Protein chains: 2
Amino acid sequence: MEHEPGQPPVHDLPATQGGAAAALRRKPQVSMADVAKLAGVSSQTVSRVSNGSPDVIESTRRQVIAAMNELGYRPNSAARALKRGSFRTIGVITFSLSSLGNMRTLEAIALNAARQDFAITLIPVTAPTQAGIQGAFSRMGELAVDAVIAIMEVHLLDAATVTLPPGVKVVVVDSDAGEQYSVVDTDQADGARKAVSHLLKLGHETVWHVAGPEESFAAERRAAAWRSTLTAAGKPVPPVLRGDWSADSGYAAGLRLADETGCTAVFAANDHMALGLLRAFREKGKSVPEDISLVGFDDVPEASSYAPPLTTVHQNFADVGNRCVDNVLQQIRTNRTEPGVTLVPTELVIRASTAAPKAK
Amino acid sequence: MEHEPGQPPVHDLPATQGGAAAALRRKPQVSMADVAKLAGVSSQTVSRVSNGSPDVIESTRRQVIAAMNELGYRPNSAARALKRGSFRTIGVITFSLSSLGNMRTLEAIALNAARQDFAITLIPVTAPTQAGIQGAFSRMGELAVDAVIAIMEVHLLDAATVTLPPGVKVVVVDSDAGEQYSVVDTDQADGARKAVSHLLKLGHETVWHVAGPEESFAAERRAAAWRSTLTAAGKPVPPVLRGDWSADSGYAAGLRLADETGCTAVFAANDHMALGLLRAFREKGKSVPEDISLVGFDDVPEASSYAPPLTTVHQNFADVGNRCVDNVLQQIRTNRTEPGVTLVPTELVIRASTAAPKAK
DNA sequence: TTTGTTAGTGTTTGCGCAAACATGATTGGT
DNA sequence: ACCAATCATGTTTGCGCAAACACTAACAAA
């Protein structure tokens, strides 16, 4: 990473008896000086070994490593950070963890970061306001993170677009942060287009839409793409029904939709709402896909067990997370921000909830 | 927290123009000395103000705060940590984030920690082995976290029970770490008992069980409680079917169960498998709850939209997370580990997937 | 030989903060 | 008016590490 291709850094000293424990016990911090004394070298040499500097002669290196192991030495990252101004830490700011997408993304971020030996510091923002974000970034500053990944799926209550502190290495997920930032997101528009086109191709007159909540960027984009696909195909655009991502809200929408004569195809903005729709249709005696075709979005693992198995748009959250980390690491390496949008493609998964409409 | 009840610490300096940005920009670190110079006091006084020490006279305090704001000063946590040996950070070790429960728990942990002004450092462990855990703890040591919350829902591959570095402030979630550790978990046994009792009370001869994977502690405990409840009631104990938490595995189990004559009640170890069972029963022409009653576990938000709405055992993940943080903070405050088990109660949510068996 | 040159190592210094101690200014009791 | 106690503030120090620089030995080139 930041050192020449010499010896690899000694991050993985073989753990001695209770080495990890010693590392966490606060009192007897083993410092470089202790190691240096035992190894009979200067502390600077210990530093060099611990950072994988190439110009330490092999015999010395071995001595130092032996001493490290004997003492259970672990570099203290506080001191390291104080000196270098960097913690090898990526801050993640998020509004909510409870959505499938966010948690999958976070998991990928954590895994990928760990692979590159970066830690993740998590800061939840409770209020979706500029002040809330400012506060989170401020906290990140104190924690001396090297960069920030902001997962911001909802509109701010008090600002039209997201304004982030300038000059910060940051990647924004799933937002309309704007061109000056680095943005990674699922290609929502393309996914929605695929869903709607699929239904249209089956022969449906038009496609109804149960959208996610207004404050969600993803919901907004899916709805926009649904509308434009319909328009481009010269089809009428039915009114939008709005849910809040929950199955219950999908159920409510489904109850209304079932009474809508001429509604033969529905695109739900996510799978959970689609599940609610399925339930409503069932209760109303509408069968899927005979009477109504339904497409979801997300491809949650259970979608194939719905009744019927749900045709849906697969999102690759892991890919989103990985690209975030790659991007941020790139910025850290080159030490400059890199505006630009990365769109992660989606995939239509056709199962049993869609079919051609019944002949009239 | 660690200071006397004097003035509150000035953690929330009102953000000046781009204050957050300055905090993240690495170059012009504003230090206490700068503030001190501007305010015309010593840096120690700045330190006192920033830590809410009670013995700073009001006028001086105001001056210092004004200077802080003017310069956009943010305390540097690296230096702070180096001095104090503490980062106000809680490490969270987890095997997998992708389960609903872990994620919910993590969210609660993050929120609660943030409330107490602690940050969360996340370290995913890829291999469920002693070495993997050792490595994670080691890393935590380097990062100078104040305590660790370990979410370990699966058995280690290479050790019978979890052995953690001694003397570390740690809370274990969902594991059999043993009496010497602080453990917080959902009361799995009680939840399973509630599910089985409910079915028995409805008049079923016995209850079949679709268990989670063998390596899961939760699965093991639910299965054990299922068995003991059956035995205590003098009912026969059918063979256990085993899934892997996924709806697909539930589907596979359901296909087999549907052919099992005399099977009128099933307890699935989680809701997703129950969903798969539902699908299998439907395909096999068995109706729920008329032919077979089904109870799940977890109470995922969509459970009420399943076909039929699922009777299930509600887990309070938020509570688990909160208790973890409270416990760990307590340990930090008193500076000693506190072994003991905290069980978070569950609740049976009766919906439409259970009924009395048909009269023969 | 002298003079680089390089490779390996040691020494000094300071990052930003706060504990420990020192100091000076005020107050109150007698 | 004196001393002691109290309060508000300043000074010194060192946490553990690594950058910058200094030094030495060994050896090559002139």
Side-chain angles (χ1 to χ4, degrees), chain A residues 2-4 6-7 9-11 22-23 26-37 39-64 68 71 73-88 141-144, chain B residues 1-4 6-7 9-11 23 26-37 39-64 68 71 73-88 141-144:
Chain A
E2 79 285 0
H3 40 72
E4 290 68 40
Q7 309 301 323
V10 190
H11 285 292
R26 286 264 61 87
K27 281 312 176 54
Q29 245 286 25
V30 179
S31 78
M32 285 205 320
D34 303 321
V35 176
K37 177 138 62 157
V41 299
S42 77
S43 64
Q44 180 58 220
T45 298
V46 177
S47 170
R48 280 192 263 259
V49 170
S50 129
N51 287 294
S53 159
D55 38 37
V56 176
I57 209 166
E58 192 50 35
S59 63
T60 312
R61 176 189 310 280
R62 268 203 304 274
Q63 262 179 43
V64 171
M68 282 175 167
L71 296 175
Y73 169 77
R74 287 270 144 196
N76 173 320
S77 69
R80 225 167 168 122
L82 178 58
K83 196 78 186 62
R84 303 209 279 215
S86 154
F87 256 122
R88 289 188 81 75
E142 290 173 33
L143 292 171
Chain B
M1 225 98 295
E2 80 284 4
H3 41 71
E4 288 67 42
Q7 309 301 322
V10 190
H11 285 292
R26 285 264 61 84
K27 281 314 175 55
Q29 245 286 26
V30 179
S31 78
M32 285 202 325
D34 304 321
V35 176
K37 178 138 61 158
V41 298
S42 76
S43 64
Q44 180 59 141
T45 298
V46 177
S47 169
R48 280 193 263 258
V49 170
S50 123
N51 287 291
S53 159
D55 37 37
V56 176
I57 209 166
E58 193 49 36
S59 63
T60 311
R61 176 189 311 280
R62 268 204 303 274
Q63 261 181 45
V64 171
M68 282 175 167
L71 296 175
Y73 169 76
R74 287 272 144 194
N76 174 317
S77 68
R80 223 166 169 126
L82 177 58
K83 196 79 184 62
R84 302 208 279 213
S86 153
F87 254 122
R88 289 189 80 78
E142 291 173 36
L143 292 171

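What you see is a predicted model, and the numbers here were worked out from it, not measured in a lab. A, B, ... follow the sequence lines: proteins, then strands. Residue 1 opens every chain. Hydrogens, waters and symmetry mates are skipped; everything else that's a heavy atom, side chains included, is used.
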Ignoring backbone atoms, test whether A:Arg80 places a side-chain nitrogen or oxygen under 4.0 Å from the OP1 or OP2 oxygen of D:dA18. yes
Mind checking B:Ile57 for me? I need base, sugar-phosphate or nothing, with any heavy atom below 4.0 Å counting as a touch. sugar-phosphate
B:Val41 near the nucleic acid: base, sugar-phosphate alone, or nothing, with a heavy-atom cut-off under 4.0 Å? sugar-phosphate
For A:Ala78, side-chain contact (heavy atoms from CB on, under 4.5 Å) partners two or more places apart: A:Asn76, B:Ala81, B:Leu82, B:Phe87
Categorize B:Ser47 for me: base, sugar-phosphate, or nothing, with a 4.0 angstrom heavy-atom threshold over every strand shown. base
Min side-chain heavy-atom separation B:Met68-B:Val49 under 4.5 Å: yes
What nucleotide, of D:dA18, D:dG14, D:dC17, holds the atom closest to the side chain of A:Asn51? D:dA18
D:dT9 phosphate, OP1 or OP2, under 4.0 Å from B:Thr60 side-chain N/O: yes
Under a plain distance cut-off of 3.5 Å, with no hydrogens placed, do A:Ser53 and A:Asp55 share a side-chain donor-acceptor pair? yes
For the residue pair B:Ser50 and B:Met32, establish whether any side-chain heavy-atom pair is separated by less than 4.5 Å. no
Residues two or more places apart in sequence or in another chain: which of them pass side-chain contact (heavy atoms from CB on, under 4.5 Å) with B:Gln44? B:Ser42, B:Ser47, B:Arg48
Under 4.0 Å between a side-chain N or O of A:Ser50 and OP1 or OP2 of D:dC17? no
Nearest to the side chain of A:Ala79, which nucleotide is it out of C:dT9, D:dT9, D:dC17? D:dC17
Spell out yes or no: do the side chain of A:Arg48 and the base of C:dG10 have one donor N/O and one acceptor N/O closer than 3.5 Å? yes
Residues A:Ser43, A:Lys37; criterion side-chain contact (heavy atoms from CB on, under 4.5 Å); working and verdict: CA-CA 8 Å; A:Ser43 64; A:Lys37 177 138 62 157; over 6 Å; no
Can you measure B:Asn76 atom CG to D:dC17 atom P for me and round it to whole angstrom units? 17 Å
Rounded to 10°, tell me the angle between the two end axes of the helix from C:dT1-D:dA30 to C:dT30-D:dA1, each built from five pairs. 50°
Once you round it to whole Å, what is the distance between P of C:dG16 and NZ of B:Lys37? 13 Å
